[in-house]
Trainee: 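One structure follows; several queries about it will come next.
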Amino acid sequence: NIKMEMFDDFKRMNKRQVYYQVLNFGMIIASALMIWKGMMVATGSESPIVVVLSGSMEPAFYRGDLLFLGNDRSDPIRAGEIVVFKIEGRDIPIVHRVIKVHETHEGKIKFLTKGDNNEVDDRGLYKPGQLWVEKHHVVGRARGFVPYVGMVTIIMNDYPKLKYAVLGLLGLFVLLHRE
Amino acid sequence: MNTFLSRLNTLFAFSISVVAAVTFACFLTTHFLDYTQDVEIEVKKAIVKNMEEFYVGEKHDLGHLRFSLKANMTPVFNWNCKELFLYLMAEYETPRNKINQVVLWDKIINRGENAVLDLKKVHAKYYFFDDGSELRGKNITLSLHWNVIPNAGYLWRVKGRQDLGYTLPDSYAGSRV
């Protein structure tokens with residue numbers, strides 16, 4: 001039956017092969033981490049890929065869509081761009097469009113945002129007393145888009161037991177099998 | 001039982017690979033296209049007032065425009081363009097701010113909808129508040145832009161080929177447009 005066959009590979013391994021399996025596992029983790037950190041450096045964003053969490057940018061983006069961010073500091077933020085920004089005191093980043101930009105002669109930029117699907121601009125969402133979004137609030141600017149793929153992340157976040165189960169099974173699978 | 005599961009696994013992996021390949025093909029075949037179009041903008045009437053801006057608590061200049069807009073967006077759509085987000089932007093310079101950009105109007109056109117724009121004497125959708133009181137006699141540039149929202153791929157922001165320079169009135173208006 002299936003259960004016993006899963007462990008056959010493992011039973012046939014000697015100590016060296018077990019070490020190899022563990023190292024293999026470590027390599028996969030390290031590669032994933034390298035890719036993620038590499039993307040952070042290449043894009044200049046602390047979070048190069050984000051999942052859309054709300055419907056405030058419909059019909060362009062729906063909940064579960066994936067956004068690829070850039071944050072080129074030499075390219076100033078202009079009206080019409082879609083930015084991902086955080087409000088002080090809140091963890092969840094917001095993905096909205098820039099509708100107003102004011103840049104001083106010294107290069108200090110402040111801008112106002114609004115969700116495509118919202119009636120009014122975001123001043124009601126900002127911290128009390130905050131009127132504008134500034135560069136240091138910005139996590140990144142949306143450059144690329146892939147639909148639906150982020151749903152996996154949302155489901156795993158809504159059902160954490162599922163996340164642990166999947167990760168646990170994957171880990172077990174890599175550790176116990178030859179390829 | 002074993003072969004059923006392994007077949008299911010293979011089928012699943014293959015389906016995902018095919019979907020990924022088609023998505024990538026969608027992106028690659030449309031990434032290098034020229035998305036610009038000709039645009040005709042006309043200002044029919046413009047006034048400048050000075051009033052307190054909501055939330056800000058200060059009196060700022062408020063511009064109000066009625067404009068006409070003509071553009072044909074139909075050639076811009078393709079199998080990878082699911083939506084166009086159009087926005088009319090006013091740009092100008094003030095002593096305080098080198099760059100000011102205000103979106104006055106926007107529109108969403110989805111693939112399949114009528115993509116020919118022929119607006120006559122419409123009001124601006126959004127409040128044209130200055131970050132100060134510098135709108136009187138100001139030279140502004142009005143331009144139409146659109147954000148190409150793909151099924152999968154790069155989010156291009158495109159500017160229409162023509163823009164309009166306009167000078168706002170020198171003095172505050174007494175009545176509505």
Side-chain angles (χ1 to χ4, degrees), chain A residues 1-6 57-62 65-70 75-83 95 97-114 116-117 119-126 128-132 141-149, chain B residues 1-2 5-6 16 19-20 23-24 26-27 31 53-58 82-91 93-104 106 108-111 125-132 143-159:
Chain A
N1 77 50
I2 311 163
K3 248 199 179 159
M4 292 317 286
E5 280 170 31
M6 240 177 34
M57 283 296 282
E58 289 179 15
F61 308 144
Y62 289 89
D65 290 342
L66 213 65
L67 290 176
F68 293 90
L69 306 185
D75 179 19
I77 294 176
R78 294 292 172 242
E81 286 196 47
I82 300 168
V83 292
V95 184
R97 196 180 293 273
V98 174
I99 60 168
K100 223 172 173 236
V101 173
H102 295 292
E103 179 176 329
T104 66
H105 295 267
E106 293 79 42
K108 182 159 172 281
I109 304 185
K110 62 188 187 191
F111 54 94
L112 179 63
T113 58
K114 174 181 168 295
D116 288 354
N117 206 20
E119 283 298 308
V120 296
D121 62 45
D122 291 342
R123 284 218 167 109
L125 282 179
Y126 300 161
Q130 179 187 356
L131 292 171
W132 307 94
R141 300 132 75 172
R143 293 287 179 242
F145 165 79
V146 178
Y148 312 123
V149 175
Chain B
M1 188 58 174
N2 189 31
L5 273 183
S6 64
I16 300 245
V19 170
T23 303
F24 188 68
C26 250
F27 151 68
H31 186 69
E53 189 176 348
F54 332 110
Y55 282 109
V56 176
E58 258 174 37
K82 73 172 184 187
E83 176 196 323
L84 284 181
F85 186 92
L86 298 110
Y87 50 101
L88 183 74
M89 182 162 89
E91 281 184 82
E93 184 175 333
T94 62
R96 182 194 289 189
N97 293 310
K98 179 153 176 270
I99 294 172
N100 297 278
Q101 295 183 333
V102 185
V103 171
L104 301 178
D106 58 33
I108 291 176
I109 305 180
N110 291 307
R111 183 173 45 211
K125 241 189 184 183
Y126 301 112
Y127 287 100
F128 184 178
F129 270 112
D130 179 35
D131 182 34
S143 49
L144 184 69
H145 303 243
W146 46 96
N147 191 190
V148 177
I149 313 282
N151 280 96
Y154 192 79
L155 293 156
W156 291 111
R157 271 161 302 115
V158 187
K159 182 169 176 294

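Each chain gets a letter, A, B and so on, in the order its sequence line appears, and its residues count up from 1.
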Trainee: Given a strict heavy-atom distance threshold of 4.5 Å, which part of B:Glu93 is in contact with chain A: side chain, backbone, both, or neither?
Mentor: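 Side chain only.
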
Trainee: Can you tell which part of A:Ile99 gets under 4.5 Å to a heavy atom of chain B, answering side chain, backbone, both or neither?
Mentor: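 Both the backbone and the side chain of A:Ile99 come within 4.5 Å of chain B.
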
Trainee: Considering only distance and modelled atom types, tabulate donor-acceptor pairs under 3.5 Å from the side chains of residues 147-157 of chain B, sequence neighbours left out.
Mentor:
from, atom 1, to, atom 2, distance (Å)
B:Asn147, OD1, A:Arg97, NH1, 2.9
B:Asn147, OD1, A:Arg97, NH2, 3.4
B:Asn147, ND2, B:Trp156, O, 2.8
B:Asn151, OD1, B:Arg111, NH1, 3.1
B:Asn151, OD1, B:Arg111, NH2, 3.1
B:Trp156, NE1, B:His31, O, 3.4

Trainee: Can any side-chain N or O of A:His105 pair as donor or acceptor with the backbone N or O of B:Pro95 at less than 3.5 Å?
Mentor: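 Here the side-chain-to-backbone pair exists.
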
Trainee: Tell me, side chain or backbone of A:Leu112 under 4.5 Å from chain B's heavy atoms, or both, or neither?
Mentor: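 Neither part; nothing is under 4.5 Å.
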
Trainee: If you define the side chain from C-beta out and look only at heavy atoms, does anything of A:Lys114 sit under 4.5 Å from B:Tyr126?
Mentor: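 The answer is yes; the side chains approach within 4.5 Å.
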
Trainee: Could you report the tightest heavy-atom contact between A:Lys100 and B:Phe129, atom names first, then the distance?
Mentor: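 That closest heavy-atom pairing would be NZ-O, 2.8 Å.
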
Trainee: Name the option with the most non-hydrogen atom pairs under 4.5 Å to chain B; the candidates are A:Leu66, A:Val146, A:Asp116.
Mentor: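 The option with the most such pairs is A:Asp116.
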
Trainee: Before you tell me yes or no, could you show the steps for B:Val56 and A:Arg123 under side-chain contact (heavy atoms from CB on, under 4.5 Å), namely the whole-Å CA-CA distance, both residues' side-chain angles and the distance that decides it to 0.1 Å?
Mentor: CA-CA 10 Å; B:Val56 176; A:Arg123 284 218 167 109; 4.1 Å; yes

Trainee: So B:Lys82 and A:Phe145, side-chain contact (heavy atoms from CB on, under 4.5 Å) or not? Walk me through it.
Mentor: CA-CA 12 Å; B:Lys82 73 172 184 187; A:Phe145 165 79; 3.6 Å; yes

Trainee: Taking atom types as modelled, is there a side-chain donor on B:Asp131 or A:His102 under 3.5 Å from an acceptor on the other?
Mentor: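 There is no such pair (donor and acceptor under 3.5 Å, judged by atom type) between the side chains of B:Asp131 and A:His102.
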
Trainee: What closest approach, in Å, do B:Val103 and A:Val98 show between heavy atoms, and which atom pair accounts for it?
Mentor: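 The answer is CG2-O, 4.5 Å.
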
Trainee: Would you check if the side chain of B:Glu83 reaches a backbone N or O of A:Ala60 as a donor-acceptor pair within less than 3.5 Å?
Mentor: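 Judged by distance alone, yes, a pair lies under 3.5 Å.
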
Trainee: Is it the backbone or the side chain of A:Lys108 that comes under 4.5 Å from a heavy atom of chain B, or both, or neither?
Mentor: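 For A:Lys108, there is no contact with chain B at all, as no heavy atom is under 4.5 Å.
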
Trainee: As an exercise: rank B:Tyr87, B:Phe27, B:Tyr55, B:Phe85 by heavy-atom pairs under 4.5 Å with chain A and give me the winner.
Mentor: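 Of the candidates given, the most pairs with chain A belong to B:Phe85.
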
Trainee: Between B:Gln101 (side chain) and A:Val101 (backbone), is there a donor-acceptor pair under 3.5 Å?
Mentor: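 Judged by distance alone, no pair lies under 3.5 Å.
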
Trainee: Relative to chain A, which of B:Glu91, B:Arg96, B:Met89 shows the most heavy atom pairs under 4.5 Å?
Mentor: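 Option with the greatest count: B:Arg96.
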
Trainee: Among residues at least two apart in sequence or on other chains, which ones pass side-chain contact (heavy atoms from CB on, under 4.5 Å) with B:Lys125?
Mentor: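 B:Lys125 satisfies side-chain contact (heavy atoms from CB on, under 4.5 Å) with B:Trp105, B:Asp106 only.
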
Trainee: Counting only non-hydrogen atoms closer than 4.5 Å, does A:Glu106 touch chain B with its backbone (N, CA, C, O), its side chain (CB onward), both, or neither?
Mentor: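 Answer is neither: A:Glu106 stays 4.5 Å or more from chain B.
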
